[in-house]
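On a predicted model such as this, the values are computed, not experimentally measured, just so you know.
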Protein chains: 2
Amino acid sequence: MSKRVTAKQVAEELNISIMTVSRALSGSPNVDHRTKEKVIETARRLGYVPNQIAKSLALQKTDTIGVVVPEITHSFFPEAIRGIEKVTYSAGYHLILTHSAENAEREMDALKTLAAKRVDGILISTAESVTDYDIYSDIMNLKIPTVFYDRCVMGIGASCVCVNDKHGAKKITEHLIEHKYKKIAHLCGPLSVSIGRLRLAGYKKALQDHNLVFSEDYVVESGFHEDGGFRAMDKLLDLPEKKRPRAVFAVNDPAAFGAMKAIFKRGLSIPQDIAIVGFSDDIRAELLPVPLTTIRQPAFEVGKKAVEKLIGHIENEEEKIDKIVIDTEIIIRKSCGCN
Amino acid sequence: MSKRVTAKQVAEELNISIMTVSRALSGSPNVDHRTKEKVIETARRLGYVPNQIAKSLALQKTDTIGVVVPEITHSFFPEAIRGIEKVTYSAGYHLILTHSAENAEREMDALKTLAAKRVDGILISTAESVTDYDIYSDIMNLKIPTVFYDRCVMGIGASCVCVNDKHGAKKITEHLIEHKYKKIAHLCGPLSVSIGRLRLAGYKKALQDHNLVFSEDYVVESGFHEDGGFRAMDKLLDLPEKKRPRAVFAVNDPAAFGAMKAIFKRGLSIPQDIAIVGFSDDIRAELLPVPLTTIRQPAFEVGKKAVEKLIGHIENEEEKIDKIVIDTEIIIRKSCGCN
DNA sequence: TACTTTAATGTTAACGTTAACATTATTATA
DNA sequence: TATAATAATGTTAACGTTAACATTAAAGTA
């Protein structure tokens, strides 16, 4: 940072006090309009750019929101960020972006950074490998307003905004059941992550409600990525022919993409041999050779609602801790065997 | 920001000076190891979190890099951000993300914000609608190290990292020429943006080198988005049958997607009736019903190289202004009529 | 032991801004 | 005109940290 023009220099140029410069520039009343004009003109002429850092220190407010993203290349997150950004822009907040890369340690690092940077609030979607919630409590203890989005941690006193995971999972599993599939497997996410648990729960509930037996063999952990989906599906395909599932519900679309590859690799067809459905409506889902039946998660909406809630917490002590659930929609394409 | 524990409180707790606390915590030498341990223990016990804002003000350095992104949902950008993030994380910098939404005014706003936040450097990819480069000069005048990535502005003394746009455009146009197509159109980007100009230039050069006539009628501005691609293609399809192009090179993949929709809508086939190629290798390109032949832009690499250069400028006065060009690769799929 | 070197700690000022209070200039009122 | 009210400007301190210099304590050296 080279030495920049400060309010002091503007003041000296005009032989007035720094405070008058500050007032003129921030538009407070009780400033002679001629003084104000002179200040504005001089500030422009000298190339004065207010120093937000100093302002933040003085006012104990940074007008900045920290966002923790587990994996920026998952199409859900750029969409969510757009929702976040739209709101923060009009509300006058800025964004510090941190990336946990699905890694618990990096996530902790990110949160510490955000705390040190004195962000006014934090938006976080937990990383896949997180098993220890202490760091979240630390943040809560620091009284930094925090809202979880999409992948939430409940019961630690933070608001969260998520989609109706359990219900969506149940809905799409039931869709498979309606196709008369009996042997339905689930590629599940890490159970340390809310959406992993909830989608599994929805799957189980659907089976139960329709009197289908639940079998541990039909639940294989895939994680949230394509390679995990491939490996998990491979495991299912290794089952003896008789036990092989007839349909699969993957915890998210990338995992489903991997699973599809594994199925094709064995020379099997979708949905003729095995039907498959996903969750999240990745932008690629409808473009696949066999378009994927899935659950649409309104990512933009999740991001938007989450910041709105967060800004509520920041600006209003009384704002209630909430759990906001956004509805999902089932998108029926070819991979389930409907049409 | 509620009142947090400060170094002062840690110092008072131990009856020592703030400076000793600061030294112990920042690992400077000349601190008694027993004192150091006590300080660290007390800091942890009291829940001390160093205040980066105060530190930034004192040191005139924020360890923060500002990134301006034109459209976060374009798959190029999340990839580029990952490249950026990987480098900044290990180098100890943080990221402020700003979104111009392809809008010149918002871009200006973003740059002003970044200047006010006293970022150590700026990474920017210009918005589609920018026609006035004054704001960039303002930033240069403030001596904020700046590197352009992907969409660059040359000749204002900033380094830039881009792909070999002209060469890539030429290469893929020539690929069409090799297929014996004569009537080749181009859906071009805004000419105010470097990549718009360069890709058009590559297209022209390819025609020229192969003695094909260039016609203004075959260049239609589409912008960078799907809807623009659709409209531009529609315009081409409105030409009398005799004049209708046999092949199309779109400025980027989203524009190509829109164009494909327009072609299908008229009941025409790709590549039988019209061949089409794009640029950028969007994650969706290979999944389309007719997979798109395109130019792969190594987004991760562009991001990575750009921050590396930027950090060079930040940490080393002598760092040379550079134009770094990254090679592209042609990805041949079905839409050009190859196989 | 007296003196020098070095290690450990302390003090002051600065980074650039704003809030709170203090002062001065201007205008309105009796 | 004298006095009160108000508008305009100024002064001081604070936000939390670190660099630079100052001091004191401890350890070597002659």
Partner set under ring pair (Phe, Tyr, Trp, His ring centres under 6.0 Å) for F77(A), not counting sequence neighbours
none
Across all chains, not counting sequence neighbours, the salt bridge (charged side-chain N to carboxylate O under 4.0 Å, His left out) partners of K305(A) are E301(A)
Note down the inter-axis angle between the two ends of the helix from dT1(C)-dA30(D) to dA30(C)-dT1(D), five pairs each, to the nearest 10°.
50°
Tell me yes or no: between the side chains of T64(A) and K117(B), is some donor less than 3.5 Å from an acceptor?
yes
Rounding to a whole Å, what distance do you find between K38(A):NZ and dA8(D):C1'?
12 Å
Could you work out, with side-chain hydrogen bond (donor to acceptor under 3.5 Å, both in side chains) as the rule, every residue matching R44(B), not counting sequence neighbours?
none
Heavy-atom contacts under 4.0 Å between residues 17-35 of chain B and DNA chain C, which residues?
S17(B), M19(B), T20(B), R23(B), N30(B), V31(B), D32(B), T35(B)
Is there any ring-ring contact (aromatic ring centres under 6.0 Å, His included) pair reaching into residues 87-146 of chain A, and which pairs are they, with sequence neighbours excluded?
Y133(A)-Y136(A), Y136(A)-F148(A)
Where the side chain of A58(B) is defined as all heavy atoms beyond and including C-beta, which of dT18(C), dT17(C), dG16(D) is the nearest nucleotide?
dG16(D)
Identify, with sequence neighbours excluded, every residue that meets salt bridge (charged side-chain N to carboxylate O under 4.0 Å, His left out) alongside D138(A).
none
Non-neighbouring partners of H74(B) that pass side-chain hydrogen bond (donor to acceptor under 3.5 Å, both in side chains), sequence neighbours left out:
none
With sequence neighbours excluded, tell me which residues meet salt bridge (charged side-chain N to carboxylate O under 4.0 Å, His left out) with E13(B).
R45(B)
Find the distance L57(A):CG to dT18(D):P and express it as a whole number of Å.
12 Å
In whole angstrom, what separates L14(A)'s CG from dT9(D)'s P?
11 Å
Strictly by modelled atom types, are K320(A) and S159(A) linked by a side-chain donor-acceptor pair under 3.5 Å?
no
Would you kindly give the CD1-to-P distance between I16(A) and dA7(D), to the nearest whole Å?
20 Å
Nearest-angstrom distance from the residue atom NZ of K55(A) to P of dT17(C)
10 Å
Under the rule for side-chain hydrogen bond (donor to acceptor under 3.5 Å, both in side chains), what residues qualify as partners of T73(B), not counting sequence neighbours?
E71(B)
Starting from P on dT18(C), measure out to CG on D63(A) and report it in whole angstrom.
12 Å
Nearest whole Å is fine: how far is dT18(C) P from K8(A) NZ?
16 Å
OP1 or OP2 of dT18(D) less than 4.0 angstrom from a side-chain nitrogen or oxygen of Q60(B), does that happen here?
no
In whole angstroms, how far is the P atom of dC15(C) from the CG atom of L59(B)?
13 Å
Toward the 5' end of DNA chain C, which comes first, K36(B) or A54(B), by nearest nucleotide?
K36(B)
Which pairs count as side-chain hydrogen bond (donor to acceptor under 3.5 Å, both in side chains) when at least one residue sits in residues 22-33 of chain A, sequence neighbours excluded?
D32(A)-R34(A)
Below 3.5 Å is the cut-off: list the nitrogen or oxygen pairs between protein and nucleotides 24-29 of chain C, distance only.
none

